[in-house]
Student: 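Can you keep this structure in mind? I'll have questions shortly.
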2 protein chains.
Amino acid sequence: MTTQVKIDRGAGIAVWRQISEWLKTEIAAGRFAEGARLPAEADIASRFEVNRHTVRRAIAVLTSEGILRADQGRGTFVASAPISYPIGARTRFSEIVSGQDRTPSGRMIGSSVEPADAVIAEALSVSAGAPLLRIETLRVADGTPVLVGTSWFDQARFPGLVAAYAETGSFTRALELCGVPDYTRKETRVTAELVAAADAALLGLEPGQPVLVVESVNVDPVDAPVQYTRTRMAAERIQLVIEN
Amino acid sequence: MTTQVKIDRGAGIAVWRQISEWLKTEIAAGRFAEGARLPAEADIASRFEVNRHTVRRAIAVLTSEGILRADQGRGTFVASAPISYPIGARTRFSEIVSGQDRTPSGRMIGSSVEPADAVIAEALSVSAGAPLLRIETLRVADGTPVLVGTSWFDQARFPGLVAAYAETGSFTRALELCGVPDYTRKETRVTAELVAAADAALLGLEPGQPVLVVESVNVDPVDAPVQYTRTRMAAERIQLVIEN
DNA sequence: GGTAATTTGTTCGTATGTATC
DNA sequence: TGATACATACGAACAAATTAC
């Protein structure tokens, strides 16, 4: 049963908007399944007796909202549902992703040693200017890049961390090797920004798209700060979930 | 004492980037206080012996990051720190804002009755298509618009809610009048999007700026869903804080 | 209230360095 | 080596908004 919707011209609502609303409700109602291909633009156009450009405009706004995904030459598809990313004391990327029947992976983009700026020094309880390890990582779920993260560690405390991370590919295990048996997330701050050029390339995002920026501090069992992380997440592919 | 910094040409780092880093560290070090006016572009340009365009580019990246704020004719200012918005079971806008020595206010933008779409019906445990009250609000802190929220309620359960909200200006008190003595936040989902045109006008944002989108469900003391809210927050003015 | 000075915003044009093929 | 594309940097002039006198 497809809802019979007519275009209402001269109703003060642009035709492209009426079509985009129709598409939205069809998708929300599940009549176009996740990942399904939409009818060709020409078919939608003839169904509503409008020009194909009108349909294109309707589709364009939904792609910019991340609801649709248009691949040149292949067609337009209902975007896959965003990954739900629970924010809690024991957030671990790989566990979250595998819990949603997706395959996680990740790799180190780079690492360096740099002096602590005022904000990070405060968060890690080191003096400003103290040398910090910086590790840049890219996390992927089911082949789609989802987030890039920058983590800072006190170099004096964890001299062997970069090697340990390069070997294990996991902060949890790398920190174990460096004598931190467990860690928990203490505070999390969330904002949104426009994607930086370098991140856009890594995440496969168009410039001008929004990213969620999550800054958090991980502490060891005795509550000493261990890791400061700034994560940029492709907003259209992820949804943070806070349970109360 | 202002740090003496020289521009290093031919060092592989663009001049505009060196200036933007310099500005960033000056601000982080507190040498330009929050709300303070920066030297005029022309002055910074002559201080570093570069073109004004070069300074403008440095300033542009910092405005896009929300660190600076440029007003034509007035000058360029260090942006005020974002409001910290704790997400918890008892989140109340007015308490959060007054707790940070800012003056909260708000007004109702509009209200209507509309049939429940699939997602909201599920969240509010009503059948799809059931009539819902939709209330649109704008929240302001210290004269700056911070967020626009759309809330949905089951009309059958709260027929007098719009009037109660219009009178009290508070969901807490309006729900009290409708027989809900207290409510708590059950689940919160966070994403980011580009601001919609209508919201941009309300929030005083440029089109193309990111907004944090927070969707949440409030439940009454017996855990029945009462209110579904979709809030759009000016990302540059707010920071969500999740304590663990 | 009017005017000039100040400051950011916009649009031309020109030249140079850098990376890629 | 040359051709090309792109980002960077400079210069000049003017528009638009705000402030100071």
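So you know, we letter chains A, B, ... as the sequences are listed, proteins then strands, and number each from 1.
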Student: Below 4.0 angstrom, which residues in residues 68-82 of chain B have at least one non-hydrogen atom near DNA chain C?
Tutor: B:Ala70, B:Asp71, B:Gln72, B:Gly73, B:Gly75, B:Thr76
Student: Who pairs with B:Arg57 by salt bridge (Lys or Arg N to Asp or Glu O under 4.0 Å), at least two apart in sequence or on another chain?
Tutor: none
Student: Using whole Å, report how far CZ of B:Arg57 lies from P of D:dA7.
Tutor: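 Taking atom P of D:dA7 as the reference, CZ of B:Arg57 is at 9 Å.
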Student: So, does B:Thr54 get its side chain near the phosphate of D:dT8, meaning an N or O under 4.0 Å from OP1 or OP2?
Tutor: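 Looking at the OP1 and OP2 atoms of D:dT8, neither is under 4.0 Å from any side-chain N or O of B:Thr54.
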Student: So, the side chain of A:Glu215 versus the backbone of A:Thr188: is there a donor-acceptor pair under 3.5 Å, distance only?
Tutor: no
Student: May I ask you to check whether B:Thr150 and B:Glu136 show a side-chain donor-acceptor distance below 3.5 Å?
Tutor: yes
Student: Check every strand shown and say whether B:Arg52 touches a base, only sugar-phosphate, or nothing at a heavy-atom separation below 4.0 Å.
Tutor: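 Touches a base.
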Student: Which is true for B:Arg37 with a 4.0 Å heavy-atom rule: it touches a base, it touches only sugar-phosphate, or it touches nothing?
Tutor: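 Contact class for B:Arg37: sugar-phosphate only.
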Student: Which whole-number value in Å describes the distance from B:Asn51 CG to C:dA15 P?
Tutor: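 Computing the B:Asn51:CG to C:dA15:P distance gives 15 Å.
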Student: Return yes if some donor-acceptor pair links the side-chain N/O of B:Arg237 with the main-chain N/O of B:Pro145 below 3.5 Å, else return no.
Tutor: yes
Student: Do B:Ser46 side-chain atoms and B:Glu49 backbone N/O form a donor-acceptor pair below 3.5 Å?
Tutor: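 Side chain of B:Ser46 to backbone of B:Glu49: no pair is present.
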Student: Look at the side chain of B:His53 and the base of C:dT11, then say whether one donor and one acceptor between them are separated by less than 3.5 Å.
Tutor: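 Donor-acceptor pair under 3.5 Å: yes.
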Student: Can you tell me the distance, in whole Å, between the CZ atom of B:Phe48 and the P atom of D:dC10?
Tutor: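 Nearest whole value for this atom pair: 13 Å.
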Student: Distance-only criterion, 3.5 Å: show the donor-acceptor pairs between side-chain atoms of residues 154-167 of chain A and protein atoms not counting sequence neighbours.
Tutor:
{"unit_1": "A:Asp154", "atom_1": "OD1", "unit_2": "A:Ala156", "atom_2": "N", "d": "3.1"}
{"unit_1": "A:Arg157", "atom_1": "NH2", "unit_2": "A:Asp220", "atom_2": "OD2", "d": "3.0"}

Student: Is B:Arg56 close enough to C:dG9 that one of its side-chain N or O atoms is under 4.0 Å from OP1 or OP2 there?
Tutor: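 Result: yes.
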Student: How long is the line joining CD of B:Glu41 and C1' of D:dG11, in whole Å?
Tutor: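 That distance rounds to 15 Å.
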